[in-house]
Protein chains: 2
Amino acid sequence: MRDAAQTRLEAWKAQGFDFQACPVRQVLDHVAAKWTSLILLELENGPQRFNALGRALPDISKRMLTQSLRDLERDGLVRREVFDTKPPSVSYSLTDLGASFLTPLHGLIDWASEAMPVISEARLVFDDN
Amino acid sequence: MRDAAQTRLEAWKAQGFDFQACPVRQVLDHVAAKWTSLILLELENGPQRFNALGRALPDISKRMLTQSLRDLERDGLVRREVFDTKPPSVSYSLTDLGASFLTPLHGLIDWASEAMPVISEARLVFDDN
DNA sequence: GGATACAGGTCTCAATTAGAGACCTTTTGT
DNA sequence: ACAAAAGGTCTCTAATTGAGACCTGTATCC
């Protein structure tokens, strides 16, 4: 929006206000990561291994699965454990923090299920078909 | 994951299963749109005009603001009204459906506020500083 | 009456991010 | 000896985003 608004933004930044530090944004960015929520939902069924997660979410690429899991691990929502089997297997599971995220997430999902018919209808009207 | 999983995915698709029709994914994609939730939160304070929203969300580009608003309008979460003033002004406001989304969204935000300190700590540990 | 400003966008181009899929290492099964 | 499975990484391409110039029309300032 580089208008007057941008000037204000820069003023804030100059005063040390860090936009990225806003918890709302951070969490929304997280949910916004598109795959992370889906992974967390999968792990709700219990710990799973890398390839099992890949199978459960067939349209995620390995690249994004790895990256999303790393992000979740870094934020302490998911625990990664390597077992020294042959071949070595890696198990991913929810931490307590990760599990606590499921409550608000399910709130969202419940809303989605109820709202979906209304949204579909709204789309048809908007696209005027 | 184009392994065995992809084969299964394609089998599902061949049987007419539409992944995009999953309401969970649709909503998560929505929240995932990064700006839409922020816009909805802004509109919680009452109807606002295009540039006012831009000012409230200083780091969104006009391009994304326009596009996000269109998406929200299409899904029936936001109402767009043009007033024939000079110069014409455009007001955006929440529909009932849009307002109903705020409940689960606040659930998420509350979780975020509580979890943020824990997450920050986890990040420090992970990044080993 | 010409310059400037605001409203609400659109358009183009560059930078970022995501996706597809080949490849790697070790070990077991046939 | 050959293929397969585990858990990834790496590269290349495609799609998405962001920055910001530009547009149309009225109103205001000097």
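So you know, we letter chains A, B, ... as the sequences are listed, proteins then strands, and number each from 1.
- Considering only the side chain of M64(B), dT17(D) comes nearest among dT17(D), dA7(C), dG9(C).
- Closest approach to the W35(A) side chain among dA6(D), dG19(C), dG18(D) is made by dG19(C) (side chain taken as heavy atoms from C-beta onward).
- Put simply, CG on D75(B) and CD on E121(A) are 12.5 Å apart, with the number rounded to the nearest 0.5 Å.
- Here Y92(B) lies in heavy-atom contact (under 4.0 Å) with sugar-phosphate atoms only.
- Counting non-hydrogen atoms of other residues, nucleotides and ligands closer than 6.0 Å to CD of E114(B) gives a total of 12 or fewer.
- With a 6.0 Å radius and a threshold of 12 heavy atoms from other residues, nucleotides or ligands, D96(B) has its CG atom at or below the threshold.
- Closest to the side chain of S61(B), out of dT26(C), dG9(C), dG18(D), is dG18(D).
- The residue among R63(A) and R49(A) whose nearest nucleotide of DNA chain D lies closer to the 5′ end is R49(A).
- The nucleotide whose nearest atom lies closest to any side-chain atom of S89(A) is, among dA6(D), dA7(C), dG8(C), dA6(D).
- Between Y92(B) and F50(B), the ring-plane angle classifies as tilted under the 30° and 60° cut-offs.
- Listed candidates were dG8(D), dG9(C), dA19(D). Nearest to the side chain of T66(B) is dG9(C).
- Nearer the 5' end of DNA chain D, as judged by each residue's closest nucleotide, is the contact made by A52(A), out of A52(A) and Q67(B).
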